Amino acid sequence: MTYFADKQLLVTDIFSRYPATPQGRRSALMPLLREVQDALGYVSEAHMAEIARLCGTTATEVRSVMSFYSTYHTLPTGRYHLQVCSTLMCALAGSDELWDHLVSVLDVQPGEVTADGRFSVQKVECLGSCGTAPVVQLNDEGYYEQVTRTKCDRLLAAMRADAPPPPDNPVPVTVREDGRQMTAKGERVGASIHDLAPLAGGEA
């Protein structure tokens, strides 16, 4: 059975958010990917092909979209998937040395999961937190900032005990149906379009 075979209501709901056009169907690609990723932890080749059929596109295009976002995985990940920012500011602050330390201590390379299923690692492009470099993202829960070797070792020890501390910065934020952004902790961020008030004084 394919992943979405018994999820027709969900598929219908996702497609209802976009125009009923070929381009609209392709726009549903991202939430369909997110659905599979959230449920299984990664998106296999078979799931890419299924999503491509639903969206009226090709598995190659689905893979191409996935490759742009570090949050999508084509291979199973560990319970704690650690993503190390590798762009300039983090590199200047020591992310290369941090990466070497991380893969050495865990004895794991990208695409691999530690024997206990606990850890996997990935180098990623800019996480957008240059002021707190070097940055490590934990799953989709948020960022650990200014991660030194000492801090890295402390975090790994906590994860080995299945008691990781909350991320320093609980991002990325999610967007609810009403357009409001929420942090991973469920806190409101910014405003939604429903908070906008008409301008006083007539038309601009």
Side-chain angles (χ1 to χ4, degrees), residues 1-83 85-87 110-111 120 122-130 135 137-143 167 169-199 203-204:
M1 179 190 299
T2 59
Y3 179 82
F4 290 103
D6 60 349
K7 299 177 178 61
Q8 288 307 304
L9 288 178
L10 173 65
V11 172
T12 300
D13 175 62
I14 289 175
F15 279 115
S16 73
R17 304 172 196 169
Y18 303 95
T21 63
Q23 292 80 12
R25 291 191 71 79
R26 290 169 62 179
S27 298
L29 193 155
M30 298 284 280
L32 292 171
L33 282 173
R34 175 50 59 186
E35 167 63 26
V36 175
Q37 170 92 17
D38 288 347
L40 305 177
Y42 75 109
V43 184
S44 69
E45 294 284 347
H47 295 130
M48 289 183 221
E50 182 183 9
I51 291 171
R53 284 193 299 275
L54 289 170
C55 293
T57 184
T58 65
T60 301
E61 183 171 346
V62 174
R63 176 179 278 279
S64 176
V65 170
M66 286 183 64
S67 70
F68 188 78
Y69 298 95
S70 61
T71 54
Y72 294 123
H73 311 298
T74 57
L75 296 170
T77 60
R79 184 182 311 162
Y80 303 110
H81 185 62
L82 303 173
Q83 301 172 76
C85 182
S86 62
T87 45
S120 55
Q122 180 182 7
K123 269 189 178 181
V124 295
E125 296 302 319
C126 186
L127 290 175
S129 191
C130 301
V135 175
Q137 181 174 338
L138 170 62
N139 301 330
D140 288 336
E141 297 173 20
Y143 298 167
N169 191 345
V171 293
V173 297
T174 57
V175 181
R176 297 188 325 193
E177 291 179 3
D178 65 355
R180 179 176 296 284
Q181 292 182 323
M182 307 293 288
T183 68
K185 291 182 177 178
E187 298 165 345
R188 295 164 51 150
V189 177
S192 82
I193 57 173
H194 302 292
D195 296 322
L196 298 175
L199 292 174
E203 297 181 2

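The structure presented is a predicted model; accordingly, all values stated were derived computationally and were not measured. Sequential numbering from 1 along the given sequence is applied to the chain's residues. We use all heavy atoms of the structure for the numbers below, so side chains are in, but hydrogens, waters and symmetry mates are not.
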- Query: Got a sec, which residues hit side chain to side chain donor-acceptor pair (under 3.5 Å) with Ser86, two or more places apart in sequence or on another chain?
  - Reply: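 Per chain and number, Ser86 pairs via side chain to side chain donor-acceptor pair (under 3.5 Å) with no residue.
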- Can you sort out the partners of Arg25 under side chain to side chain donor-acceptor pair (under 3.5 Å), two or more places apart, ordered by chain and number?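 So Arg25 forms no side chain to side chain donor-acceptor pair (under 3.5 Å) with any residue.
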- Pairs touching residues 73-82 that satisfy salt bridge (charged side-chain N to carboxylate O under 4.0 Å, His left out), sequence neighbours left out: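 Of all non-adjacent pairs touching residues 73-82, those that pass salt bridge (charged side-chain N to carboxylate O under 4.0 Å, His left out) are Arg79-Asp162.
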- Pairs flagged by salt bridge (charged side-chain N to carboxylate O under 4.0 Å, His left out) wherever residues 42-53 is involved - sequence neighbours left out: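 For residues 42-53: Glu45-Arg63.
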- Is a donor on one side and an acceptor on the other found under 3.5 Å between the side chain of Ser64 and the backbone of Thr60?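 Not at all, since once roles are kept as given, no pair shorter than 3.5 Å links the two residues.
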So [Y] and [X], do their side chains get closer than 4.5 Å, heavy atoms only?
| X | Y | result |
| --- | --- | --- |
| Tyr3 | Leu40 | yes |
| Gln37 | Thr71 | no |
| Val36 | Tyr72 | no |
| Thr74 | Met48 | yes |
| His47 | Phe4 | no |

For the [atom1] atom of [X] and the [atom2] atom of [Y], what is their distance to the nearest 0.5 Å?
| X | Y | atom1 | atom2 | result |
| --- | --- | --- | --- | --- |
| Leu10 | Phe15 | CG | CZ | 10.0 Å |
| Gln23 | Tyr18 | CD | OH | 14.5 Å |
| Leu127 | Asn169 | CG | CG | 10.5 Å |
| Glu35 | Ile14 | CD | CD1 | 6.0 Å |
| Met1 | Asp6 | CE | CG | 5.0 Å |
| Cys85 | Lys123 | SG | NZ | 10.5 Å |

- Query: How close do Gly78 and Ser120 get, heavy atom to heavy atom, and via which atoms?
  - Reply: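 Looking at all heavy atoms of both residues, the closest pair is N-OG, 2.9 Å.
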- Message: Which heavy atom of Arg17 sits nearest to which heavy atom of Pro31, and what is that distance?
- Response: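 Smallest interatomic distance, heavy atoms only, reads NH1-CB, 4.3 Å.
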- Message: Can you list everything that forms a side-chain contact (heavy atoms from CB on, under 4.5 Å) with Thr57? Sequence neighbours excluded, please.
- Response: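 Here the qualifying residues are Arg26, Leu29, Ala52, Cys55, Glu61, Val62.
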- Item | From Asp140, Asn139, Leu138, residue fulfilling side chain to side chain contact (heavy atoms under 4.5 Å, CB included) relative to His81 |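 Looking at Asp140, Asn139, Leu138, the match for His81 under the side chain to side chain contact (heavy atoms under 4.5 Å, CB included) is Asn139.
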- Task: Evaluate the criterion side-chain contact (heavy atoms from CB on, under 4.5 Å) for residue pair Leu33 and Met66; output intermediate values, then yes/no.
- Result: CA-CA 8 Å; Leu33 282 173; Met66 286 183 64; 3.6 Å; yes
- Residues in ring-ring contact (aromatic ring centres under 6.0 Å, His included) with Tyr80, at least two apart?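 Expected list: Phe119.
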